[in-house]
Number of protein chains: 2
Amino acid sequence: MAETPDSATETADSSSPGHDCLCPLGGVMDLLSRRYAMQLVCVVDAIGPARYGDIEATFEEVSSSTLSTRLEELVDAGILSREQYDEIPPRVEYELTETGEELGERLEPLLRWAEEIDETELATGQSKER
Amino acid sequence: MAETPDSATETADSSSPGHDCLCPLGGVMDLLSRRYAMQLVCVVDAIGPARYGDIEATFEEVSSSTLSTRLEELVDAGILSREQYDEIPPRVEYELTETGEELGERLEPLLRWAEEIDETELATGQSKER
DNA sequence: CAGAATCCATTCGGATACTG
DNA sequence: CAGTATCCGAATGGATTCTG
């Protein structure tokens with residue numbers, strides 16, 4: 001398969017014993033490994049400038065505290081941008097940053113696939129291999 | 001908790017039944033949202049038939065209990081296959097199932113990107129943009 | 001070697017209530 | 001509308017120990 005060993009930069013990585021490009025353990029992946037994080041990115045991607053209420057409506061089963069925590073994390077990570085309009089009633093719009101869009105592009109195939117798999121598993125009641 | 005799209009309310013449903021592709025909330029995504037799950041899939045993808053020890057060595061900071069839990073979950077989900085050879089010393093090899101390979105294909109771009117982002121963020125020290 | 005089992009600290013996330 | 005604050009139970013994941 002495509003096992004690009006990266007361009008072996010002569011700047012020898014001090015910490016990594018041989019392997020390097022396999023698995024980012026912290027950083028963004030940790031964020032994305034939190035509940036609904038990936039889905040959240042995709043939702044904002046899908047509905048464009050998204051207001052809090054829109055997002056909340058999409059995830060009916062998610063509590064507001066969790067949702068706003070996740071949103072805040074994604075904003076802090078530079079994945080989402082938050083635009084606040086001081087009107088009455090107040091309006092806030094979340095959007096993907098450029099980074100966020102890059103992420104979204106990579107997330108979409110995954111979520112699409114996941115959805116498909118879930119359906120077939122629910123249909124057959126079992127996974128393919130066991 | 002089975003998530004039915006709640007088609008009972010057909011009265012002016014804002015979300016058309018056509019684009020249901022937004023966000024799988026349960027199923028595989030829940031699994032993948034657990035710690036190291038995605039990285040695990042990619043590692044097995046990368047090193048092919050992977051023995052437990054190899055995997056463990058790749059994630060130096062992950063405890064064996066967590067690792068084996070995650071492995072079991074992925075096997076149960078039909079993403080990894082587990083081949084056990086009754087030798088002495090015992091040998092076990094994990095591999096991606098077909099489903100797993102499909103997943104891996106979608107995961108690889110994501111992890112690659114994540115790695116890249118992490119590096120630039122660490123380098124510049126910034127996590128916010130715009 | 002490849003884990004299973006156990007125990008436990010921490011974190012996470014849900015419910016609820018309240019605010020600018 | 002768009003959250004925040006607080007509380008708390010549940011789940012997660014780590015350390016350690018033990019085993020076929």
Side-chain angles (χ1 to χ4, degrees), chain A residues 23-41 43-44 47-77 80-95, chain B residues 1 3 14 23-41 43-44 47-77 79-95:
Chain A
C23 295
L25 285 185
V28 206
M29 288 310 296
D30 255 27
L31 229 176
L32 295 179
S33 295
R34 277 171 183 57
R35 218 166 184 197
Y36 313 124
M38 299 193 258
Q39 291 96 326
L40 200 39
V41 172
V43 161
V44 175
I47 65 186
R51 301 182 56 170
Y52 183 88
D54 299 337
I55 301 174
E56 195 171 32
T58 309
F59 303 97
E60 292 245 356
E61 52 178 273
V62 183
S63 70
S64 68
S65 54
T66 304
L67 185 55
S68 64
T69 304
R70 205 82 339 140
L71 281 169
E72 194 183 340
E73 289 167 356
L74 290 171
V75 169
D76 283 354
L80 294 184
S81 68
R82 194 190 111 117
E83 209 71 43
Q84 179 171 349
Y85 304 90
D86 288 325
E87 312 167 347
I88 297 176
R91 180 165 55 104
V92 174
E93 287 184 354
Y94 292 91
E95 224 169 330
Chain B
M1 283 171 274
E3 37 270 330
S14 52
C23 293
L25 283 185
V28 207
M29 288 310 297
D30 255 28
L31 230 175
L32 294 179
S33 296
R34 277 169 184 56
R35 218 167 185 196
Y36 312 126
M38 299 194 253
Q39 292 96 327
L40 199 40
V41 172
V43 160
V44 175
I47 65 184
R51 303 182 56 171
Y52 182 88
D54 299 336
I55 300 174
E56 195 170 33
T58 308
F59 302 97
E60 288 190 14
E61 51 179 273
V62 183
S63 71
S64 72
S65 55
T66 303
L67 185 55
S68 66
T69 304
R70 206 81 338 136
L71 281 169
E72 194 184 341
E73 289 166 356
L74 290 170
V75 169
D76 283 354
I79 290 169
L80 295 183
S81 68
R82 195 191 111 118
E83 208 71 44
Q84 177 169 352
Y85 303 91
D86 288 324
E87 313 169 345
I88 296 175
R91 180 163 58 102
V92 175
E93 286 183 354
Y94 291 92
E95 223 169 333

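Each chain gets a letter, A, B and so on, in the order the sequences are listed, and its residues count up from 1.
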Please classify the nucleic acid contact of B:Tyr36 as base, sugar-phosphate, or nothing, using heavy-atom distances under 4.0 Å.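 Result for B:Tyr36 = sugar-phosphate.
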Rounded distance in Å - [atom1] ([X]) to [atom2] ([N]):
{"X": "B:Phe59", "N": "C:dG3", "atom1": "CZ", "atom2": "P", "answer": "14 Å"}
{"X": "A:Ile88", "N": "D:dC1", "atom1": "CD1", "atom2": "P", "answer": "14 Å"}
{"X": "A:Ile55", "N": "D:dA2", "atom1": "CD1", "atom2": "P", "answer": "9 Å"}
{"X": "B:Glu61", "N": "D:dA15", "atom1": "CD", "atom2": "C1'", "answer": "15 Å"}
{"X": "B:Glu83", "N": "C:dA2", "atom1": "CD", "atom2": "P", "answer": "14 Å"}
{"X": "B:Arg91", "N": "C:dG3", "atom1": "CZ", "atom2": "P", "answer": "12 Å"}
{"X": "A:Leu67", "N": "D:dC1", "atom1": "CG", "atom2": "P", "answer": "15 Å"}
{"X": "B:Leu31", "N": "D:dG13", "atom1": "CG", "atom2": "P", "answer": "11 Å"}

Between N or O atoms, less than 3.5 Å apart, protein on one side and nucleotides 10-12 of chain C on the other: list the pairs.
unit_1	atom_1	unit_2	atom_2	d
C:dC12	OP1	A:Arg34	NE	3.4
C:dC12	OP1	A:Arg34	NH2	2.8

We want to know whether A:Ser63 and A:Thr66 form a side-chain donor-acceptor pair, criterion being a heavy-atom distance below 3.5 angstrom.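 Distance-only check passes for A:Ser63 and A:Thr66.
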Is any side-chain heavy atom of [Y] closer than 4.5 Å to one of [X]?
{"X": "A:Leu71", "Y": "A:Ile55", "answer": "yes"}
{"X": "B:Glu83", "Y": "B:Glu95", "answer": "no"}
{"X": "A:Leu40", "Y": "A:Phe59", "answer": "yes"}
{"X": "A:Tyr94", "Y": "A:Leu74", "answer": "no"}
{"X": "B:Tyr36", "Y": "A:Ser33", "answer": "no"}

Determine, for B:Arg70 against B:Glu72, whether the closest basic-nitrogen to carboxylate-oxygen distance falls under 4.0 angstrom.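 Looking at B:Arg70 and B:Glu72, the cut-off is not met.
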Salt-bridged, A:Asp30 to B:Arg35, with N to O below 4.0 Å?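 B:Arg35 and A:Asp30: salt-bridged.
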Using the rule given for side chain to side chain contact (heavy atoms under 4.5 Å, CB included), can you reason through A:Arg51 versus A:Asp54, listing the C-alpha separation, both sets of side-chain angles and the distance that settles it, and then say yes or no? CA-CA 5 Å; A:Arg51 301 182 56 170; A:Asp54 299 337; 3.6 Å; yes
Counting only side-chain N and O atoms of B:Ser63, is one of them less than 4.0 Å from OP1 or OP2 of D:dG13?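 For B:Ser63, the contact criterion (side-chain N or O under 4.0 Å from OP1 or OP2 of D:dG13) is not met.
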Contacts under 3.5 Å, N or O only, protein and nucleotides 3-9 of chain D:
unit_1	atom_1	unit_2	atom_2	d
D:dG3	OP1	A:Arg82	NH1	2.2
D:dG3	OP1	A:Tyr94	OH	3.1
D:dG3	OP2	A:Tyr94	OH	3.0
D:dT4	OP2	A:Ser68	OG	3.4
D:dT4	O4	A:Ser64	OG	3.3

Given C:dG20, D:dG14, C:dA2, identify the nucleotide with an atom nearest to the side chain of B:Val62.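 That would be D:dG14.
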